[in-house]
Amino acid sequence: MANIVQEIKNALEFYQALGYERMPMRLRAEGRRPVIGNKESAMTLLREEIAECGRCKLSQKRTHIVFGEGNPDARLMFIGEAPGREEDVQARPFVGDAGMLLTRLIEKMGLKREEVYIANIVKCRPPMNRDPEKDEIQQCREFLERQIDIIRPDIIMSLGRIAASTLMGNEKLKITAIRGKIFDYRGIPLVPTFHPAYLMRNPKDKWLTWNDAQKVLERLERGTLDQGGG
Ligand code: SF4
């Protein structure tokens, strides 16, 4: 009971820091991102709240929680599935070989890693890099949802089947069938693409991800023009 009360208290403080007078039932983007309070401090608050998280069994073997990193005011957010070995050691998302490939994609898109935000569906490494399990995703997804609530990106690019199917609430999705299409995630355009680890094993498919990235760039560009930017 004490835990539940503490969790509600944390959530209330979190949304207060975002500038809300009460907890939103469901946040929706209206036009471009709504102006909300201090994103940096809301993110710090959330990071502190998660710091000792023991909600699911992934807490038992992790070295570090991999919270996510980047610009809390990013227009583009990448979401993968789970930290791997290197990420678990460094407490940073996408820093292994697959991470280097993601960084190259971001740079090829004309952006810097620090300009976007990178996070995962679950924040702790599944043993032996297995897929995160249903109960683990269920326990952890609230944290990602709250990160998205803070950032309110203009567009999300999900990496791999698990990230896409979790965000879209459909386990049966095939990444080959949905990649490169634009979906809606709570009012935010969502473009699924392959996971960089898959692309390392199947480099012949890299051009498909580059096509998907161009769709994202077009969407971002259109958003900039709608805002009267150059
Ligand atoms: S994966 Fe998420 S829910 Fe599970 S222990 Fe880590 S932070 Fe907590």
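First listed ligand is number 1; within each ligand, the first listed atom is number 1. Numbers here simply count residues along the sequence, with the first being 1.
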N-O pairing of Glu107 and Arg113 below 4.0 Å: no
Over all atoms of both residues, closest heavy-atom pair of Met109 and Trp210: CG-CZ3, 3.8 Å
In terms of atom number and element, which parts of ligand 1 are under 4.0 angstrom from non-hydrogen atoms of Cys53? 3 (S), 5 (S), 7 (S), 8 (Fe)
Exam field: side chain Thr209 to backbone Lys206, donor-acceptor pair closer than 3.5 Å: no
Measure from atom 6 (Fe) of ligand 1 to each N, O or S atom of Cys124 and report whether any distance is below 2.8 Å. yes
Heavy atoms only: which of Glu142, Gln139, Arg62, Glu136 lies closest to atom 5 (S) of ligand 1? Arg62
Evaluate the criterion salt bridge (charged side-chain N to carboxylate O under 4.0 Å, His left out) for residue pair Glu133 and Lys57; output intermediate values, then yes/no. CA-CA 10 Å; Glu133 291 170 359; Lys57 57 187 178 300; 3.0 Å; yes
Taking CD in Gln138 as the centre, count heavy atoms belonging to other residues, nucleotides or ligands within less than 6.0 Å. Is the count above 12? no
Which residue and heavy atom of the protein sit nearest atom 4 (Fe) of ligand 1, plus the separation: Cys56 SG, 2.3 Å
Close-contact set for ligand 1 against Cys140 heavy atoms, below 4.0 Å: 1 (S), 2 (Fe), 3 (S), 7 (S)
Identify, by atom number and element, the atoms of ligand 1 in contact range of Arg55, meaning under 4.0 Å from any of its heavy atoms. 3 (S)
